[in-house]
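Have a look at the structure below, then the notes.
To find a chain, count down the sequence lines: A is the first, B the second, and so on, and within it residues start at 1.
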Protein chains: 2
Amino acid sequence: MATVETTADIPQDFDALKAAILERKAQLPKRLRQVAAYALDNPDEIAFGTAASIATSADVQPSTLVRFAQHFGFEGFSSLQLIFRARLRERTPGYEDRLRALSANDHSKLESGSIFNGFVAAAHRSLDNIATSVDPDAFERAVNILAGAETIYLIAKRRSYPISSYMAYAFGKLKVRHQLVGTSAGIDDDMLAMAGKNDAAFAVSFSPYASESANQARLLASRKIPVVSLTDSAFSPLAESSKVWFELVEADHAGFRSLSASMAFAMALTVAIAEKRRRLGDGG
Amino acid sequence: MATVETTADIPQDFDALKAAILERKAQLPKRLRQVAAYALDNPDEIAFGTAASIATSADVQPSTLVRFAQHFGFEGFSSLQLIFRARLRERTPGYEDRLRALSANDHSKLESGSIFNGFVAAAHRSLDNIATSVDPDAFERAVNILAGAETIYLIAKRRSYPISSYMAYAFGKLKVRHQLVGTSAGIDDDMLAMAGKNDAAFAVSFSPYASESANQARLLASRKIPVVSLTDSAFSPLAESSKVWFELVEADHAGFRSLSASMAFAMALTVAIAEKRRRLGDGG
DNA sequence: GTCAATATGGAATTTTCATTCCAAATAGAA
DNA sequence: TTCTATTTGGAATGAAAATTCCATATTGAC
């Protein structure tokens, strides 16, 4: 072996190992770097798997795993694996606990930390909320409408734009024809003018409502193009133009709302649509 | 064998196993009861130990462990062990169940509904995950760096673009000067060329990494402009260019990931930055 | 391009481990 | 007590897994 590692050099816990890997990753040869990346990205797999199964999953040879372990001073793969197992045993304390552990006089840290905590808690609440408020039948109807469309028009402005833009990204990956409306105000209406009878639209709008979105939805509805919408209020101007609409209220922290629950909803809708299309056999 | 167990009788998860053990504990012979007590008291040992090591620790013979497993319908000790391992894999099991119980709706009946449930559960898991993986200290450093910047450059492509675009929206509302980089490839570099010593950048990139984002971050770092980044792997090319970086792995449902946890993180960071600025008195 | 050094794949080997088996012990019934 | 059924300990077995080894491939220096 080229490098002689003394006992002190061998990482004794996961954090030390991670640090060592990150420090030396640049100098590692190809396959070993591959293992390094896999190990840090899938620590649970390393903890539970066998050398053979991990090797397959990481697309290397079992012997490479042994070499990797030896590179970091371990006797073999098994001793390295112990580190990954120990990590699961000592359950890492949550953010809450670590926050409490901070020195009480460090006010700034506590403040940023509590903001972080607040948003995570709000997101949990939002998720609990949509689980109860979204009606499965309505969801199924929405999926049917959109899965049956030739092109799905995604309408969103401002605060809701990130949702549609993510759906657009996902639809692209899933090879579902779509058109994102809301990028630059000028060409929106031209795009919508092309929408035909076999198309459908999904509109998202949260208070304060962008009036263009409501107008565009109305326009489509008047042309018998079905609209599915996501809003934060039954009084949203979108609701009246929609065949199916969902009310989804994000919980707030200190008056600010994240889009956590909306994102989960959007992804569920997106994947459900793609799945339905695949079943219907007209995937594109 | 005295008792014939049908497939349905074999506990499929830890809770079922625990219930079965408690129910039959009284009727078990001495050594098997000993194993039962040990198993419930030291589930982690069962998960990771070998039959020999566990046997020694529980003061029985290895064969007794096999008999114990067979008593509960498993083929052998190994299959029983899988239950104990599964328990550690799913950090917080039961989100799916909780959702079902919480919800008056029965989402599980319909195909689309189960997709919906899956994404909500995955989002919950993701949130639990960031709560443990984000270090308050690093968060505070990130807030300080970005709050101190004149202009915050937001770098993101593809899957991570919705996050930055939402941050841009929120920064706009909060009157924090910022520049969203990633809209159209052409003008990106021109915008970044204007970044100066007093600015900072926040970059988001998830696997598969957009190489432009990494290059842009590298470019900024080389000009001594501090970069804070959010990635899903310590191996992200962004990490090496960053003063502070966060690793945030979104849980997946059926291979698809939503951005729920990332959104909560992004909003927390955004609001924390604005709040810090307000305190420093140079809010905009 | 040539050579040396390093890295890699894959088969061969060795070690470790779960399981099986059988003899001995124990508990329970008559 | 005596007989039987059940439980237990511990060695033997066979399967599975980690590790080693060697031939081949790749990289880097000159």
If I take atom [atom1] in residue [X] and atom [atom2] in nucleotide [N], what distance separates them, rounded to the nearest angstrom?
X: R67(A); N: dC22(D); atom1: CZ; atom2: P; value: 13 Å
X: F68(B); N: dT8(D); atom1: CZ; atom2: P; value: 12 Å
X: Q27(B); N: dT6(D); atom1: CD; atom2: P; value: 15 Å
X: Q34(A); N: dT8(C); atom1: CD; atom2: C1'; value: 11 Å
X: K30(B); N: dA5(D); atom1: NZ; atom2: C1'; value: 18 Å
X: I54(A); N: dT19(D); atom1: CD1; atom2: C1'; value: 15 Å
X: H71(B); N: dT6(D); atom1: NE2; atom2: C1'; value: 10 Å
X: E75(B); N: dA15(D); atom1: CD; atom2: P; value: 13 Å

Practice problem: Output yes when R87(A) and D44(A) qualify as a salt bridge under the 4.0 Å nitrogen-oxygen rule, no when they do not. | Solution: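 Result for this pair is yes, salt bridge flagged.
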
OP1 or OP2 of [N] less than 4.0 angstrom from a side-chain nitrogen or oxygen of [X], does that happen here?
X: Q61(B); N: dG10(D); value: yes
X: S63(A); N: dA18(D); value: no
X: Q70(B); N: dT20(C); value: yes

Quiz item: Could one point to a donor on the side chain of T64(A) or the base of dG9(C) with an acceptor on the other under 3.5 Å away?
Solution: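 Under the 3.5 Å cut-off, the side chain and the base do not form any donor-acceptor pair.
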
Quiz item: Hey, would you say the F84(B) and F14(B) ring centroids sit under 6.0 Å apart?
Solution: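 Judged by ring-centre distance (under 6.0 Å), F84(B) and F14(B) do meet the cut-off.
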
Quiz item: Do the ring centers of F68(B) and F77(B) come within less than 6.0 Å of each other?
Solution: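 Not under 6.0 Å, so no.
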
Self-check item: Worked check of ring-ring contact (aromatic ring centres under 6.0 Å, His included) between Y161(B) and Y169(A)
Solution: CA-CA 9 Å; Y161(B) 180 72; Y169(A) 171 84; over 10 Å; no

Residue [X], side-chain heavy atoms: nucleotide from [options] that is nearest:
X: P29(A); options: dA18(C), dT8(C), dT8(D); answer: dT8(C)
X: S78(A); options: dT19(D), dA18(C), dC21(C); answer: dT19(D)
X: F77(A); options: dA18(C), dG10(D), dT19(D); answer: dT19(D)
X: L32(B); options: dT8(D), dT20(D), dG10(C); answer: dT8(D)

Quiz item: Counting any heavy atom closer than 4.0 Å, what does P62(B) reach on the DNA or RNA strands: base, sugar-phosphate only, or nothing?
Solution: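 Here P62(B) touches the bases of the nucleic acid.
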
Quiz item: Has K25(A) got more than 12 heavy atoms of other residues, nucleotides or ligands less than 6.0 Å from its NZ?
Solution: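 Check passes, neighbour count above 12.
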
